[in-house]
Amino acid sequence: MRTGIATVCLSGTLKEKMQACAIAGFDGIEIFEQDLVTSPLSPEDVRKMAADLGLGLDLYQPFRDFDGVTPDLLKANLRRAEAKFKLMARLGMDTILVCSNVATATIDDDAVRAEQLAQLANLAGDHGVKVAYEALAWGKYVNDYEHAYRLVEMVDHPNLGTCLDSFHILSRDWDTAPIEDINPDKIFFVQVADAPKLSMDVLSWSRHYRVFPGEGQFELAKFMGHVVRAGYTGPVSLEVFNDVFRQSDVERTAVDAMRSLIWLEEQSAKWLAGAEAAPGNAAALRRRYPMELATLPKVNEPAGFNFAEVKADDTAQLEKLLGQLGFQFEGRHRTKDVQLWTMGQARVIINEQAAQHAEPAIAALGFDVDSPVIASARAQQLKAPVVARKVQADEEVFQGISAPDSTEIFLCQGSPDGTAAWTHEFGEGLEHPSAGARAVIDHVNLAQPWQHFDEAVLFYTSALALEPQPFAEVPSPSGLVRSQVMQTSDGAVRLVLNLAPIQQARNEARKTYQEHIAFAVEDLVATARAARDRGLEFLQIPANYYEDLDARFDLEPGFLATLQELNLLFDRDAEGEFLHFYTATVGSVFFEMVERRGAYDGYGAPNAPVRHAVQYDSLHRTP
């Protein structure tokens, strides 16, 4: 599959955008007219630079408001078009995007539109240019891709074809199956974009909320499957209008964009395989299509958390906190300045090596996977940066990659009993305490810089096979906090991505927004009592919360009193119950202890505003 991207997707100058696209590995680009108009580079300079970078110049766009106009305006439009065709010759480009008319069309007549498009096609033919006619979702008279294709058929000119844009099709919920009936020779270009499902006018939706494939909710694999079945062989190019992307680092955004196309290619191949394996479709299984779709090394979703790591210069508070929770100190690593603390199968590494943060912060997560080497190879093909750690003989070699928020992700060899072989590297000569309470890492909450939130969703979806759940917005004293859960199908791995306030994004080298690690235990009340006896400082929950809790759930008075005594929070749904408590924050990290009863699968969402408010009050309280 030939990959492309429109320069409008990226921040920076045209030169910077082209360089970033080449670094990310794109085959070609669409030149957005405004990027060229505002550039000091001449068309000849752009052409040479593209050749030097190995980039094709696949599409010039957009040419707006051409069809359905009066004769006088048509004459002016043809003059304008000829000027662009001459410009394209200087650029060495042969395809232009013409959008269905939005602003100047006054004649709603397909015969008139076809006659005017025929004149444009004749003029384009004189200059060796192909015209890709696209139905904008908000076009005045033409807003349906099938309508646009009917006009192309009416004209029947070799220099006029259509452009299929996933946003304009899927935002209107048009059926994508008829794409297969389009003559592939008449599909001149294909553009893709994803988007969250929003209830708003389609123009505003398009201009501000498009995202890269895998970062929204559109059925892009199905769309692309129909495009492939139609016999299309040209570029598949990203056209994304997004306020965040156009303010973010250009090279990083280009890599994220390329990752999205790699992911889309794999998902489209899966969709095709699934559709053609349907009963009664045996003949289709032998069918081959002109466009070849590459796939990635296959991996299963992670089986669970292997460890969580917190990095700090001064670890005294962390050690005290873990001890109060009931974690056991398993000793220091034999060659590295790191500690291991465990409770059952919940493992926490405290890392004191070259700590970049003055205060404790979550630095790394380990996941149990079937084959770390294969999983790492997949992640690297998806443009994930490699993280290497020095090891000596007889030490575990971790396959590591870096997440968008700089959290290091390590792919570890899982074991059927949930143990980890590398733990023998800690505490040589140390008399280990007897086994304590049983616990596992239930979930980890990571704060994401605002400009990398969508990137993080795609990263964990594509590289770790986690599935995004419907996102939620939680009120806090600082405003609404957007929360996106990423998890495995069985809930063994749960990541909660929170959109961090802007102040964190101003200094990405330091994590300033609170994050936490949650541990699941079998008896939270007993765990809380033991922690209190060890001197644990709980997050203090206001009495008003427990009055509201009683009103909502009519809890047994003794149980309610126990909850209030221990600062425990409670939730219930049709599937079960959820008990949890929070510690005070150390640096940017706090811990949560949870107990899931029955088949409760949530996170105590009704309690989140309470936690945010208490933490805010604690942070801003005057001594």
Side-chain angles (χ1 to χ4, degrees), residues 2 4 28 30-31 33 56-102 104-136 139-165 168-169 178-191 227 230-237 290-291:
R2 179 178 173 82
E30 305 173 35
I31 296 287
E33 185 169 74
L57 298 178
D58 295 334
L59 185 75
Y60 188 85
Q61 67 124 326
F63 191 85
R64 302 185 187 277
D65 298 324
F66 174 81
D67 54 311
V69 298
T70 60
D72 287 346
L73 190 51
L74 174 65
K75 182 178 179 181
N77 286 345
L78 289 170
R79 176 184 175 280
R80 180 164 55 97
E82 186 166 28
K84 299 305 176 184
F85 296 159
K86 292 178 180 178
L87 172 64
M88 290 171 62
R90 296 171 64 193
L91 287 163
M93 304 180 73
D94 66 2
T95 306
I96 189 171
L97 178 72
V98 175
C99 307
S100 61
N101 201 323
V102 172
T104 63
T106 56
I107 305 171
D108 186 12
D109 186 326
D110 275 358
V112 171
R113 276 187 285 271
E115 190 276 331
Q116 293 179 349
L117 287 170
Q119 292 190 49
L120 180 65
N122 285 328
L123 181 62
D126 292 341
H127 292 271
V129 170
K130 297 188 298 181
V131 174
Y133 183 61
E134 173 186 58
L136 295 182
K140 187 171 184 179
Y141 299 125
V142 180
N143 55 33
D144 178 348
Y145 77 96
E146 292 184 86
H147 188 181
Y149 179 57
R150 287 196 300 273
L151 292 169
V152 169
E153 285 188 306
M154 288 175 66
V155 174
D156 191 23
H157 192 288
N159 290 77
L160 181 67
T162 192
C163 172
L164 300 175
D165 184 310
H168 294 300
I169 295 171
I179 289 174
E180 296 187 30
D181 299 325
I182 298 177
N183 178 354
D185 293 336
K186 287 298 183 180
I187 304 176
F188 282 3
F189 210 76
V190 170
Q191 295 173 321
V227 169
Y232 177 70
T233 58
V236 177
S237 186
M291 180 184 290

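Positions are given from 1, in the same order as the sequence printed here.
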Inset, instruction - Examine distances only and state if a side-chain atom of Q116 and a backbone atom of G68 form a donor-acceptor pair shorter than 3.5 Å. - result: yes
Legend entry - Those residues that, when tested against K186, pass salt bridge (Lys or Arg N to Asp or Glu O under 4.0 Å) (two or more places apart): none
Inset, instruction - For V131 and F188, run side chain to side chain contact (heavy atoms under 4.5 Å, CB included): C-alpha distance rounded to whole Å, both residues' side-chain angles, the deciding distance at 0.1 Å, then the answer. - result: CA-CA 8 Å; V131 174; F188 282 3; 5.7 Å; no
Inset, instruction - Name all pairs fulfilling the salt bridge (charged side-chain N to carboxylate O under 4.0 Å, His left out) condition that reach into residues 144-153, sequence neighbours left out, sorted by first residue then second. - result: none
Inset, instruction - Write out all pairs satisfying salt bridge (charged side-chain N to carboxylate O under 4.0 Å, His left out) with one or both partners inside residues 86-98, taking only residues at least two apart or from two chains. - result: E44-R90
Legend entry - Whether D67 side chain and S100 backbone form a donor-acceptor pair below 3.5 Å: no
Legend entry - Pairing residues for D58 by the salt bridge (Lys or Arg N to Asp or Glu O under 4.0 Å) criterion, not counting sequence neighbours: R2
Inset, instruction - Taking T95 for its side chain and K130 for its backbone only, find out whether a donor-acceptor pair lies under 3.5 Å. - result: no
Inset, instruction - Tell me, with the steps shown, if Y133 and L97 meet side chain to side chain contact (heavy atoms under 4.5 Å, CB included). - result: CA-CA 6 Å; Y133 183 61; L97 178 72; over 6 Å; no
Legend entry - Closest non-hydrogen atom pair, A148 against T162: CB-OG1, 4.3 Å
Legend entry - Sub-4.5 Å side-chain heavy-atom contact between Q61 and E134: no
Inset, instruction - Start with the C-alpha gap between E33 and K84, add the side-chain angles, then the distance that decides, and say whether side chain to side chain contact (heavy atoms under 4.5 Å, CB included) holds. - result: CA-CA 10 Å; E33 185 169 74; K84 299 305 176 184; 2.9 Å; yes
Legend entry - Residue pairs fulfilling salt bridge (charged side-chain N to carboxylate O under 4.0 Å, His left out) with at least one residue in residues 107-125, sequence neighbours excluded: D108-R113, D110-R113
Inset, instruction - Evaluate side chain to side chain contact (heavy atoms under 4.5 Å, CB included) for L164 paired with I169, printing each intermediate quantity in order. - result: CA-CA 8 Å; L164 300 175; I169 295 171; 4.3 Å; yes
Inset, instruction - Taking all heavy atoms of M291 and all of Y232, pick out the closest pair and write down the distance. - result: CB-O, 3.4 Å
Legend entry - Validation row: Y145, D165 side chains within 4.5 angstrom (heavy atoms): no
Inset, instruction - I would like to know whether Y149 and D181 meet side chain to side chain donor-acceptor pair (under 3.5 Å); could you show each step before the answer? - result: CA-CA 10 Å; Y149 179 57; D181 299 325; over 6 Å; no
Legend entry - Side-chain donor-acceptor contact under 3.5 Å, E30 with Q191: yes
Legend entry - Partner set under side chain to side chain donor-acceptor pair (under 3.5 Å) for N122, not counting sequence neighbours: H157
Legend entry - Atom of A230, atom of E180 and distance for their closest heavy-atom approach: CB-CA, 4.0 Å
